There are 2 protein chains.
Amino acid sequence: MAKLQKSIDKRNALVKATIELVNNNGFHATPMSKIAKMANVSPATIYLYFENKQDLVNQTYIDVKAEYTKYAFANYDPTTPIEEGFKMIWKRIADFKLKESEHAMFLAQCDNTPMIDEESRQEGIKHLQPLLDLWERGKKEGIIKPISDYLLYAYAINPLSFLMMTQKRGAFTLDKTHLEEAYQSAWSSIKMCQ
Amino acid sequence: MAKLQKSIDKRNALVKATIELVNNNGFHATPMSKIAKMANVSPATIYLYFENKQDLVNQTYIDVKAEYTKYAFANYDPTTPIEEGFKMIWKRIADFKLKESEHAMFLAQCDNTPMIDEESRQEGIKHLQPLLDLWERGKKEGIIKPISDYLLYAYAINPLSFLMMTQKRGAFTLDKTHLEEAYQSAWSSIKMCQ
DNA sequence: ACATTAAAAATGAACGTTCATTCTTTTTTT
DNA sequence: AAAAAAAGAATGAACGTTCATTTTTAATGT
């Protein structure tokens, strides 16, 4: 019964501290000692919950990625018409990136860095399937451009990461109007007919 | 004459080694000793060219960013018509990201990480002005959507970083066809009229 | 209900290593 | 021969991780 007795709160505190410190200082400047201190835990305790530093950051990545996709598809019904369904998911993702910007920022850092093991990266991608299914359906119906899912993601979704990052740096603020413009650009870039 | 006597080759070798090691291992796992070894130089010698590790990575970032924008605008003439000018710059940027993908990857890592000082980041942005000017002109002529430059960059340019990264990971290959589709998506997302 | 006890969880200090940086000496350049 | 550049070895600090011990938890017997 070993694992079950350990406090989930403590694990979560460690994950939370990891996100916050890596966001602010980068992976290279967040020692285990600081993570422990921020989580109000002894450094040694970390090793009761995680194998080592790499495992801690891998698990943190998977946790946040799962939260992200769960949020994105929370209210999505796979029978929704294409355009409406896409707008729904897009808005949820935008919402996540803005409201949970700490988490979104952490993902952006992980996704552009060799700090996450390839295995965990693969694990994180899995839950995006509903969006890929929607696109598949959209292509069949002649509503979505018949191009690679990577291209669709690059133009429809990924720009939100850049905008979130830019906003986080204080360069500009993504208000309601911007968001509507962003949606129009996203939709323009992947819909058929032009 | 202190600085001038030092070998520019040695400096470049250090910058090159930094890019390669940071790309492959991340900043957190590239010690000065390894950089020195890869550049065939003593660790102590690094400090004749750079103040410290932070300075080395800052200067590397600025170097690569300057190379990037120089490449992007190499054959651009500010009097070119909007659509043609945009296509020209876009293709050059795409070209850079694919042909100089090591450098592009390094920039992507720097841009999503707190590893670069804010000052050096600002320095790196400066040289993008010709593109912003083109957009300004395009908005006035009613050809480009009258939205924030950040939005335009997010949809017209930034997706290339994602695609380059995806390609680097081996998930898919960005061939000629994909590139043409990508351009169409980029242009669709920022042009007026729909 | 309480005392006892064994296991689990948590800890602070310690360990060995690695790191960025500096120091002293040697080599190269002019 | 003097100055600059480069080198290897040295240094102290910081790191990830483990060790020896203490504290907490929960099950058991009375």
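We use all heavy atoms of the structure for the numbers below, so side chains are in, but hydrogens, waters and symmetry mates are not. What you are looking at is a predicted structure, and each value in this text was computed from that prediction instead of being measured. Convention: sequence-line order gives letters A, B, ...; per-chain numbering from 1.
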Discussion item. In whole Å, I'd like the distance from the CD1 atom of B/I35 to the C1' atom of C/dT18.
Written reply: 15 Å
Worksheet item: So does A/K10 get a side-chain nitrogen or oxygen closer than 4.0 Å to the phosphate oxygens (OP1/OP2) of C/dA10?
Response: yes
Item to complete: State which of C/dG12, D/dA5, D/dA7 makes the closest approach to the side chain of B/V41.
Response: D/dA7
Worksheet item: Any side-chain heavy atom of B/Y153 sitting closer than 4.5 Å to one from B/L128?
Response: yes
Practice prompt. Report the distance from atom OH of A/Y49 to atom C1' of D/dG16, rounded to the nearest whole Å.
Written response: 19 Å
Worksheet item: To the side chain of A/T45, which of C/dA10, D/dA7, C/dA20 is closest?
Response: C/dA10
Item to complete: Can you figure out which of C/dA10, D/dT17, C/dG12 approaches the side chain of A/N52 most closely?
Response: D/dT17
Worksheet item: Does one side chain, of B/Q54 or B/N58, offer a donor that lies under 3.5 Å from an acceptor on the other?
Response: yes
Worksheet item: To the nearest angstrom, how far is B/N40 atom CG from D/dG8 atom P?
Response: 11 Å
Discussion item. In whole Å, I'd like the distance from the NZ atom of A/K37 to the P atom of C/dG12.
Written reply: 10 Å
Response to the item:
B/M32 atom CE is separated from C/dC19 atom C1', nearest whole Å, by 10 Å
Worksheet item: Parallel under 30°, tilted from 30 to 60°, perpendicular over 60°: which one fits the rings of B/Y183 and B/W187?
Response: parallel
Fill in: Nearest-angstrom distance from the residue atom OH of A/Y47 to C1' of D/dT18
9 Å
Worksheet item: Roughly, in whole Å, what's the span from CG in A/D55 to P in D/dG16?
Response: 15 Å
Worksheet item: If you check every side-chain atom of A/P31, which of C/dT21, D/dG8, D/dG16 has the closest atom?
Response: D/dG16
Worksheet item: From the list D/dG8, C/dT21, C/dA10, which nucleotide is the closest neighbour of the side chain of B/S42?
Response: D/dG8
Worksheet item: The side chain of A/K53 lies closest to which of these nucleotides: D/dA6, D/dT17, D/dA7?
Response: D/dT17
Response to the item:
Taken to the nearest whole Å, CZ/B/F50 to P/C/dT21 is 13 Å
Item to complete: With the side chain counted from C-beta on, respond yes when B/T30 and B/T18 share a heavy-atom pair under 4.5 Å apart, and no when they do not.
Response: no
Item to complete: Would you please say whether a donor-acceptor pair under 3.5 Å links the side chains of A/K145 and B/S185?
Response: yes
